[in-house]
J.: 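Just passing along the structure, written as structure tokens.
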Amino acid sequence: SVKVGTTSYGLQNTQLGDDTFNNSTSGSNNTAIGFRAIFASNGNDNTALGANAMNQGVSSTVHGNFNTAIGSAALSFGDDGSFNTAIGGNSIFRAQGSNNSGLGYRTLFFNTFGSDNTAVGYNAGDFNVSGSSNTLIGSEADVSAFNLSNATAIGANATINASNKI
């Protein structure tokens with residue numbers, strides 16, 4: 001079955017799709033479109049468009065706010081972070097950090113605890129786990145260690161190997 005309309009909790013939530021808001025118990029001003037979009041989140045002002053976008057598994061203890069996920073499984077596990085923007089399938093897949101931006105398939109895929117990262121391009125930044133304030137632009141542009149900070153890599157397949165370096 002497909003849910004269409006508003007949720008029975010919170011205020012001004014909009015849903016279109018099967019299992020949207022299924023394990024959610026609070027949160028307002030959220031929009032979920034797609035199978036299991038915003039499946040288990042109690043955050044506010046989130047937008048999820050795509051199958052499993054902001055899915056969060058089966059926990060309803062996450063509370064991220066002002067996140068935008070567009071694409072299948074974008075921001076899919078963990079929305080405790082806020083102000084994240086993920087555009088592309090599996091973009092910022094595991095984010096707990098905040099202020100991350102990913103544009104492209106699998107951008108910042110393993111980023112779990114890092115914040116203030118920007119990745120643009122296919123697989124850009126997918127090795128980063130806990131580094132923060134990184135800029136990775138280009139197809140498969142990435143860091144060489146999972147915890148670098150203030151590192152910048154520009155160009156296809158570019159890799160940065162130290163913090164505070166371009």
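Reckoned from all heavy atoms, side chains included, excluding hydrogens, waters and symmetry mates. Fair warning: this is a prediction, and the values are worked out from it, not measured in the lab.
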J.: Apply side chain to side chain contact (heavy atoms under 4.5 Å, CB included) to Ala37 and list each qualifying residue two or more places apart in sequence or on a separate chain.
T.: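 Applying side chain to side chain contact (heavy atoms under 4.5 Å, CB included) to Ala37 gives Thr20, Ala32, Ala48.
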J.: Enumerate the side chain to side chain donor-acceptor pair (under 3.5 Å) contacts for residues 143-155, please, sequence neighbours excluded, ordered by first and then second residue.
T.: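 Qualifying pairs: Asn150-Asn164.
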J.: Could you tell me which residues satisfy side-chain hydrogen bond (donor to acceptor under 3.5 Å, both in side chains) with Asn44, sequence neighbours excluded, listed by chain and number?
T.: none
J.: Please list, chain by chain and in numerical order, all residues satisfying ring-ring contact (aromatic ring centres under 6.0 Å, His included) with Tyr105, sequence neighbours excluded.
T.: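 With neighbours one apart ignored, the set is Tyr122.
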J.: So, does Asn42 use its side chain to make a donor-acceptor pair with the main chain of Ser26 at under 3.5 Å?
T.: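 Answer holds: yes.
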J.: Look at the side chain of Asn134 and the backbone N and O of Ala151, then say whether any donor-acceptor pair between them is shorter than 3.5 Å.
T.: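 At least one qualifying donor-acceptor pair exists.
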J.: Using a 4.5 Å cut-off between side-chain heavy atoms of Ile, Leu, Val, Met, Phe, Trp and Tyr, which other residues end up in the same hydrophobic cluster as Phe35?
T.: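 Same cluster as Phe35: nobody, lone residue.
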J.: Applying ring-ring contact (aromatic ring centres under 6.0 Å, His included), name anything that partners Phe83, two or more places apart in sequence or on another chain.
T.: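 With sequence neighbours excluded, Phe83 shows a ring-ring contact (aromatic ring centres under 6.0 Å, His included) to Phe66, given in chain and number order.
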J.: Judged by atom type as modelled, is there a donor-acceptor pair below 3.5 Å linking the side chain of Asn84 to the main-chain atoms of Asn100?
T.: yes
J.: Is a side-chain donor or acceptor of Asn30 paired with a backbone partner of Asn46 at a separation under 3.5 angstrom?
T.: yes
J.: Do Asp45 and Asn65 pair up side chain to side chain, a donor and an acceptor below 3.5 Å, judged on atom types alone?
T.: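 Absent: no donor and acceptor within the cut-off.
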J.: Pairing donors with acceptors under 3.5 angstrom, does anything connect the side chains of Thr107 and Ser91?
T.: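 On atom types as modelled, these side chains qualify, holding a pair under 3.5 Å.
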J.: Could you grab the distance from atom CZ of Phe21 to atom OG1 of Thr14, nearest 0.5 Å is fine?
T.: 7.5 Å
J.: Would you say the side chains of Asn123 and Arg106 form a donor-acceptor pair under 3.5 Å?
T.: yes
J.: Just verifying a value: how many Å separate Phe39 CZ and Asn52 CG, rounded to the nearest 0.5 Å?
T.: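 Answer rounded to 0.5 Å: 9.5 Å.
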J.: Return the orientation label for the Phe109 and Phe93 ring planes: parallel under 30°, perpendicular over 60°, tilted otherwise.
T.: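 Taking Phe93 first and then Phe109, their aromatic rings lie parallel (interplane angle under 30°).
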